[in-house]
Amino acid sequence: MLEKIKNNYVLLSILTVAAFIRFYHIDFQSIWLDEVITMIECNSKISFKESYDIMALRENNPMLYYFSVKIICSIFGNTTFVVRAISALIGTICVYAIYLLGKEIQNKRTGLIAATLLTVNYCHLLYSQEARPYCLLTLFTILAFYQLVIFIKDRTLKNAILFGLFAALMINTHFFGLFVLVSQFLIVLYFLIDATKKERLKFLLLSALAGVITIALWIPSIKLFLIAADLKVFWIPAPTLDVYTNIFKEFFGNAESVLLICLVLMVFYFIKIFNSTKEDGVELTQNKNIFSFIIISIWIFITMFIPLVRSYLQIPMIISRYMIVVLPAAILLLAQGISFIKSKSVQNIVISLFVIASLTDIVVVKSYYTKINKTQFREIAEAVNEKNDPKALIVSPWAWHFNYFFNNETFNNELKEKTLQDYVDAVRSKSEEERDFWFIDANAHPYQLNPVTEEFLTANYNQVQSTEFFDTWARHYISKNSTKSNSSGINLKDFTPSNLDNQGNILMFRSSTIKSEALYLQAGSYILKIDANSLPQKPINGENAHLIVKLGDKEIGNYYLSEKPEMKEKIIPFENTVNQHCKITLTYDNDLSVNNLGRNLIIYNIKIEKK
C-alpha cells in the first residue's frame with residue numbers, strides 16, 4: 001500500500017487539490033433555475049413516478065442522474081449541499097478518469113498532465129459545483145472512451161461488454177451523449193476497415209454486441225428522448241458563426257492568459273501530428289500519436305458537427321454546458337501538446353504557467369469563491385419568508401420553481417404563476433380577487449408595466465416592502481380596498497393542540513395552553529378581538545375562567561371571561577413595533593371542579609384588526 005502511494009504521489013496530490021477546490025464553498029452560491037428543478041425532481045419524499053412526470057414536463061432528459069440523486073438524498077437528506085456534493089465527488093472522479101484515458105492513449109505522464117489541466121479547468125469546476133447532470137455526463141463520456149480505446153486495442157468479449165455498458169451510461173445521463181456515441185461508432189468503423197480480414201469478422205461481431213448492449217440499456221429513456229426530439233421551439237438562440245469559438249473560450253473561463261497557452265499548445269500539437277508517419281508493419285494502435293489523433297479528432301468533429309447541422313435545420317441546441325462532452329478531448333489534446341515538448345523542464349514550466357493562470361483567473365479575477373454570480377433564488381425566498389405571512393399569496397412567473405422554497409413544513413403559501421402585468425390586469429378585469437400579494441421575479445426580468453396597469457396598481461395598492469438580490473427582486477403590495485389588508489380572521493383550526501366542538505369552537509376543559517400558527521404582522525397599532533365565554537353559566541366559587549393572551553413572547557392581556565353570551569366579546573389593544581412573524585398564545589390557568597361541576601371555557605372567534 002505504501003509502495004503504491006509512493007509510486008502515485010503525484011496523482012494523489014492532483015486528486016487532493018481537485019477535491020478541495022470542488023468541495024470548497026460548495027453551497028456559497030444559491031441554486032439557480034435549473035438546479036431548483038433538480039431539487040424538486042430528486043426529492044426523496046415524492047414517488048419515482050412523480051419525479052418521472054416532472055422530468056417529462058420540465059427536463060426531457062434521461063432518468064439516470066436524477067433517480068441516482070433521488071436515492072442518495074433518501075439516505076443523506078434533500079439538501080442542496082448533498083446534491084452538489086455528489087457533483088463535486090463525480091468531478092473529482094473525472095480527474096482520475098481522464099488520467100486513465102490519457103495514460104491509455106499515450107502514456108502515464110500524458111495522463112498526469114491531463115488530470116492537472118482538468119483539475120484547474122474553470123468550466124469543469126463550475127459544473128462540479130452544480131446540482132445538474134453535466135459532470136456525470138463528462139465522467140461517463142471519459143470512461144466510455146477509455147473502454148473504447150481498450151476494446152480497440154484488445155478485442156475481447158469482456159472489453160466489448162464494458163464499452164457497451166459505459167456508452168449506455170453516457171447516453172442515459174444526457175441526450176447529447178448520443179452525438180458522442182455516433183463519433184464512437186465511427187471510430188469503431190474506422191478501425192474495423194483498418195483491421196485485417198482475419199480479425200474483421202470477430203471485431204465486427206463484438207462491436208455489434210457492444211452496440212446492442214448500449215441500445216438495449218437505453219430503452220427506458222426512449223420515451224423521454226421522443227418528447228425531446230419532438231420539440232419545435234426551444235429557448236437556446238440560433239448559433240452564430242463563431243459559436244464554437246465562443247464555447248472554447250467559455251471552457252477556459254474566457255481568460256486570455258489561459259487561452260494564449262492553449263493556442264500555442266494546439267499549434268504545437270498539430271505540427272507534431274502532421275509530421276508523424278505510420279511505419280510499415282506497425283499496427284495503427286501501436287503508433288500512439290496517430291492513434292490518439294484519430295480518437296480525439298473524430299470525437300471532437302462529429303460531436304460538434306451534428307448539433308451544428310441540426311441547429312440550422314431543425315432547432316437550436318448548442319450551448320457550452322451541453323458541449324462539455326468535448327471538453328475532455330480538448331484537455332487531452334493540450335496534454336499531448338505539452339507531452340510532445342522534449343524538455344521536461346520546459347514541460348513543467350508550461351504546466352505551471354497553465355495552473356497559475358487558471359487559478360489566478362478563478363480565485364482573483366472571477367472571485368469565484370467570494371463573488372455572487374448566480375441568480376439568488378434562495379436568498380430572495382428567505383428574505384420574503386422572514387417578512388411574510390406563511391399563507392400569503394405569492395405571484396411570480398417562476399411560481400413553479402419558488403414552490404420549492406415556499407411550500408414546506410413552515411410555509412404553505414398560495415402561488416400563482418403569472419407576470420405582474422398579467423396578474424394586475426386579471427385583478428382589473430375582476431377575474432382575480434383584489435388582495436394583498438408579494439410579487440417575485442428573477443432571471444433578468446425587470447419591473448415592467450404598461451401605463452394603464454401602472455396607474456391601476458398605484459391607485460389600488462400600497463407598495464409596503466421591496467427587496468433585491470442578485471438577478472432577482474420582490475415587492476409586497478397591500479390592497480387599499482380589501483378588508484383583509486386591515487383585519488385578519490384566524491381559523492380556530494390553526495390552534496394546537498385544540499379540541500373543537502361540532503360548530504368549530506375551541507373547548508378548553510383543563511388548565512392548558514394553545515398556540516396559533518405563525519402570523520405575519522406589520523409594525524403598527526392593532527386590536528385583538530376574542531369572542532369567548534366561561535362555562536358553566538354560573539361562576540364556580542365566585543370566579544370564572546381566566547385567560548392569558550400573548551403575542552409571541554409578550555403578554556398583551558389577561559382577564560376573566562364572562563359567563564353571559566351577550567358579553568362574550570373582549571377587545572385587547574396592542575402595539576406591534578416591528579414587522580414580524582409571531583404566534584398567538586392562549587393560556588387557561590384556573591381549571592376547577594367542585595361537586596361534579598367543572599370550570600371550562602369556549603372560544604367562538606378570534607380576529608386581529610389593524611387600527
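Values in this document were obtained by computation on a predicted structure and should not be read as measured data.
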Is the distance between the ring centroids of [Y] and [X] under 6.0 Å?
{"X": "F140", "Y": "Y146", "value": "no"}
{"X": "W32", "Y": "F377", "value": "no"}
{"X": "F203", "Y": "F151", "value": "yes"}

In Å, rounded to the nearest 0.5 Å, how long is the span from [atom1] of [X] to [atom2] of [Y]?
{"X": "E199", "Y": "L192", "atom1": "CD", "atom2": "CG", "value": "10.5 Å"}
{"X": "I295", "Y": "Y190", "atom1": "CD1", "atom2": "OH", "value": "10.0 Å"}
{"X": "I90", "Y": "T138", "atom1": "CD1", "atom2": "OG1", "value": "9.5 Å"}
{"X": "Y66", "Y": "L136", "atom1": "OH", "atom2": "CG", "value": "10.5 Å"}
{"X": "T196", "Y": "L201", "atom1": "OG1", "atom2": "CG", "value": "11.0 Å"}
{"X": "I150", "Y": "Q147", "atom1": "CD1", "atom2": "CD", "value": "4.5 Å"}

Cation-pi check, K374 to F470: give yes when NZ or CZ is under 6.0 Å from the six-membered ring centre and within 45° of the ring axis, no otherwise.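 Not satisfied by the 6.0 Å and 45° rule.
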
(Q) Cation-pi check for W400 against R58: NZ or CZ below 6.0 Å from the six-membered ring centre and within 45 degrees of the axis, yes or no? (A) yes

On a heavy-atom basis, which atom in [X] and which in [Y] lie closest, and how many Å separate them?
{"X": "L11", "Y": "Y99", "answer": "CD2-CE2, 3.6 Å"}
{"X": "I187", "Y": "I152", "answer": "CG2-CD1, 3.7 Å"}
{"X": "A131", "Y": "V83", "answer": "CB-CG1, 3.3 Å"}
{"X": "L118", "Y": "L327", "answer": "CD1-CD2, 4.4 Å"}
{"X": "R155", "Y": "K202", "answer": "O-CE, 3.2 Å"}
{"X": "L139", "Y": "A97", "answer": "CD1-CB, 3.8 Å"}

Tell me if a side-chain donor or acceptor on [X] pairs with a main-chain N or O of [Y] at a distance below 3.5 Å.
{"X": "Q129", "Y": "L126", "result": "no"}
{"X": "S292", "Y": "N289", "result": "yes"}
{"X": "K70", "Y": "N43", "result": "yes"}
{"X": "R22", "Y": "S87", "result": "no"}
{"X": "T141", "Y": "V325", "result": "no"}
{"X": "Q29", "Y": "N373", "result": "yes"}
{"X": "R84", "Y": "E130", "result": "no"}
{"X": "D361", "Y": "A255", "result": "no"}
{"X": "K288", "Y": "Q106", "result": "yes"}
{"X": "Q347", "Y": "S339", "result": "yes"}

Within-4.5 Å side-chain heavy-atom neighbours: [X] and [Y]:
{"X": "S221", "Y": "F225", "value": "no"}
{"X": "I290", "Y": "I294", "value": "yes"}
{"X": "V95", "Y": "L15", "value": "yes"}
{"X": "V182", "Y": "F305", "value": "no"}
{"X": "Y9", "Y": "I14", "value": "no"}
{"X": "V69", "Y": "C73", "value": "yes"}
{"X": "R378", "Y": "D27", "value": "yes"}
{"X": "D34", "Y": "R321", "value": "yes"}

Looking just at side-chain N and O atoms, do [X] and [Y] make a donor-acceptor pair shorter than 3.5 Å?
{"X": "N107", "Y": "T110", "value": "yes"}
{"X": "T38", "Y": "E35", "value": "no"}
{"X": "S320", "Y": "E250", "value": "yes"}
{"X": "T156", "Y": "N159", "value": "yes"}

Atom OH of Y52 with >12 non-hydrogen neighbours under 6.0 angstrom
yes

*asked:* Does E256, at its CD atom, have more than 12 non-hydrogen atoms belonging to other residues, nucleotides or ligands within less than 6.0 Å?
replied: no

Check the angle between the aromatic planes of [X] and [Y] and answer parallel, tilted or perpendicular using the 30° and 60° thresholds.
{"X": "F67", "Y": "F48", "value": "perpendicular"}
{"X": "H445", "Y": "W398", "value": "tilted"}
{"X": "H25", "Y": "Y369", "value": "perpendicular"}
{"X": "F176", "Y": "Y322", "value": "tilted"}
{"X": "H174", "Y": "Y134", "value": "tilted"}
{"X": "F354", "Y": "F252", "value": "perpendicular"}

Audit row: F301, V326, side-chain contact (heavy atoms from CB on, under 4.5 Å) steps and yes/no = CA-CA 9 Å; F301 180 78; V326 301; over 6 Å; no

Given W299, F163, F166, the one that forms ring-ring contact (aromatic ring centres under 6.0 Å, His included) with F145: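 Testing F145 for a ring-ring contact (aromatic ring centres under 6.0 Å, His included) against W299, F163, F166 leaves exactly one candidate, W299.
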
Before giving the answer on side-chain contact (heavy atoms from CB on, under 4.5 Å), spell out for L224 and N61 the whole-Å C-alpha distance, their side-chain angles and the decisive distance to 0.1 Å. CA-CA 6 Å; L224 290 170; N61 269 333; over 6 Å; no

* Take I236 and I318 through the test side-chain contact (heavy atoms from CB on, under 4.5 Å) and record every step on the way to the result. => CA-CA 7 Å; I236 296 176; I318 300 175; 5.6 Å; no

May I have the step-by-step check of side-chain contact (heavy atoms from CB on, under 4.5 Å) for F293 and F270, ending in yes or no? CA-CA 9 Å; F293 174 74; F270 282 110; 3.9 Å; yes

